[in-house]
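So the structure is just underneath, and the comments pick up after that.
When a residue number appears, it is its place in the shown sequence, counting from 1.
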Amino acid sequence: MIVPSIDLMDGQAVQLVQGRRKVLEAGDPRPLAERFGRVGEVAVVDLDAALGRGSNAAVMAELCEIAPCRVGGGIRDLEGALAWLDLGAAKVVLGTAAVPEVLEGLPRDRVVAALDAWEGEVVVKGWTQRTGRTVYEGMRELTGLAGSFLVTFVEGEGKEGGFPRDQIAPLVEAAGTSRLTVAGGITTAEEVAWLDRAGADAQVGMALYRGNLGLAEAFTAPLRSERADGLWPTVVCDERGGALGLVWSSPESVRTAIDEGIGVYHSRSRGLWRKGATSGATQALLRIEADCDRDALRFAVRQAGTGFCHEGDWTCFGPAKGLRKLERTVESRRARAVPGSLTARLLEDGEFLRGKLVEEAGELGEAASADGPDEALAERVVEEAADVMYFLTVALERAGASLADVERELDRRSLRVKRRVASEPKGSAGG
């Protein structure tokens, strides 16, 4: 699949030829990260840090909040890599620091070992220093320590002249269980598809920036369809992962969705279908993913209005349930105040809400710490937890937040490698 890249110098997105000559300035990297992130992980490289002449760390940290980023450039040691993982980088890309003593201290699945090659020889420190090692030697040294390898053919970087196809199969084999990503010279959708079939991802910069390769064209290139019309079945999910419905996608609808950042699909009766254009139940596109067989898609969207179904339900499989139903009920109480409603009063009276939260949390704590028959204890904890979830949902609505925001925060915290030390709760007499 495609891995779009953003190279940074002086806080701006740039493109270099062979890592030496700047030929393109793409401006503010934030809109690029938002758009590129719609198709998956984005490679972000701090060229200033790699060359030892500055840092774009603040901008890179912002980009990690916009899209899932593979962060690289100037990460020289274990502490530097851990810091980026704790800041929310999906992965760290290590070149000079890709040595066993560093990688052993990192989670394997979040490490990309960069083996930048000039005519087969690994180069480091912003491609300025030769190492005397081949790419294959580098892979052997790091077997089992990196979840992915990034091999950049430096002689072709930024030149849009293709890549040595005869070297891909041996590299995929040498990578073993680690995923291979290839960079340098990739220009066409056919090349992206060819690499995917060979078992490798394509990291692309220059061709995307110059418009010689469309982002949607690159993303859809590896896809296949068993249908005569070439459409792909598409599962549409809300931002919490709940299925909203099943639709169809075409190359045109995917391109429009990515370009406009909204839910756009293919209607077999009407053609291009912008969800909510007439009903107001619009969708903000968060991400598009292909399944493992490359014959189906999943759209993650932020659904607005009454829901996805044309009959007015949240999903095409019926009304919302569970926490989603609770959240929508609370939202409706804010929109239409019901006289005597507990929810309406909680939304209006912050002190009342605070008291109820403290009260219900205390009751949950008592239930959770009690002894008794497993079935009875579980039932009481569930009941008290349901009360807490109700008041928590009201608190979020009052603050203009959502359960999806809480889940994103939990996901962000899960990226931390350094864990918090357990401590006694405030007021505890434990020693």
Look up atom [atom1] in [X] and atom [atom2] in [Y], then write down how far apart they are to the nearest 0.5 Å.
X	Y	atom1	atom2	answer
E101	L78	CD	CG	10.0 Å
H310	K275	NE2	NZ	9.5 Å
F219	I2	CZ	CD1	10.5 Å
L353	E397	CG	CD	11.5 Å
R140	T134	CZ	OG1	6.0 Å
L297	W248	CG	CH2	11.0 Å

Assess whether a salt bridge exists between [X] and [Y], defined as any Lys/Arg side-chain N lying under 4.0 Å from an Asp/Glu carboxylate O.
X	Y	value
D259	R35	yes
R224	D295	yes
R133	E121	no
R345	E348	no
K325	E327	no

Query raised in the report: How about E226: does its CD atom have over 12 heavy atoms from other parts shown lying under 6.0 Å from it?
Result: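 Result for CD/E226: open.
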Requested in this report: Mark yes when over 12 heavy atoms from residues, nucleotides or ligands other than D10 sit less than 6.0 Å from its CG; otherwise mark no.
Outcome: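 Check fails, neighbour count at 12 or below.
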Any sub-3.5 Å donor-acceptor pair from [X]'s side-chain atoms to [Y]'s backbone N or O?
X	Y	answer
E360	D387	no
D405	S402	yes
D46	N56	yes
K91	V71	no
T187	G185	yes
D349	E351	yes
R110	A90	yes
R416	G88	no
D291	A296	yes

Report task. Go through L85 and L106 one step at a time and tell me if the side chain to side chain contact (heavy atoms under 4.5 Å, CB included) criterion holds. Result -> CA-CA 9 Å; L85 292 179; L106 299 170; 4.1 Å; yes
Within the 4.5 Å heavy-atom criterion, are [X] and [Y] side-chain neighbours or not?
X	Y	value
V111	L145	no
L244	F317	no
V151	M139	yes
L403	R240	yes
F352	L347	no
I262	R274	yes
V417	P107	yes
F149	L142	yes

Report task. Output every pair passing salt bridge (Lys or Arg N to Asp or Glu O under 4.0 Å) with a member in residues 57-69, not counting sequence neighbours, ordered by first then second residue. Result ->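 Every salt bridge (Lys or Arg N to Asp or Glu O under 4.0 Å) pair that includes a residue of residues 57-69, provided the two are not neighbours, is R30-E62.
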Query raised in the report: Which pairs with one or both residues in residues 189-201 pass salt bridge (Lys or Arg N to Asp or Glu O under 4.0 Å), sequence neighbours excluded?
Result: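 Residue pairs with at least one partner in residues 189-201: R165-E190, R179-D196, R179-D201, D196-R294.
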Please find the pair of heavy atoms, one from [X] and one from [Y], that lie closest to each other, and give the distance.
X	Y	answer
S253	L272	CA-CD1, 3.5 Å
Y136	A174	CD2-CB, 3.9 Å
A183	L150	CB-CD1, 4.1 Å
A81	I75	N-CG2, 3.5 Å
L357	F391	CD2-CB, 3.6 Å
L208	L213	CD2-O, 3.3 Å

Residues forming a side chain to side chain donor-acceptor pair (under 3.5 Å) with [X], sequence neighbours excluded:
X	result
T343	Y390
E173	none
R227	D229

Query raised in the report: Should L342 and V394 be marked as a side chain to side chain contact (heavy atoms under 4.5 Å, CB included) after you check the CA-CA gap, both sets of side-chain angles, and the distance that decides it?
Result: CA-CA 10 Å; L342 173 61; V394 175; over 6 Å; no
Report task. Given side chain to side chain contact (heavy atoms under 4.5 Å, CB included), test F153 with V135 step by step and report yes or no. Result -> CA-CA 10 Å; F153 298 104; V135 171; over 6 Å; no
Report task. Can you label the angle between the W194 ring and the F163 ring as parallel, tilted or perpendicular, going by 30° and 60°? Result ->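 Rings of W194 and F163: tilted, 30 to 60°.
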For the residue pair [Y] / [X], report whether a side-chain donor-acceptor contact shorter than 3.5 Å exists.
X	Y	result
S178	R108	yes
R255	S250	no
S414	D411	no
R328	T306	no

Which pairs of donor and acceptor atoms, one on a side chain in residues 279-289, lie under 3.5 Å apart (sequence neighbours left out)?
unit_1	atom_1	unit_2	atom_2	d
S279	OG	A281	N	3.2
Q283	OE1	Y265	OH	2.6
Q283	NE2	Q303	OE1	2.8
R287	NE	G37	O	2.9
E289	OE1	R298	NE	2.9
E289	OE1	R298	NH2	2.7

Query raised in the report: Which is it for V235 and C237 under the side chain to side chain contact (heavy atoms under 4.5 Å, CB included) test, yes or no, and what are the steps along the way?
Result: CA-CA 6 Å; V235 178; C237 298; 3.9 Å; yes
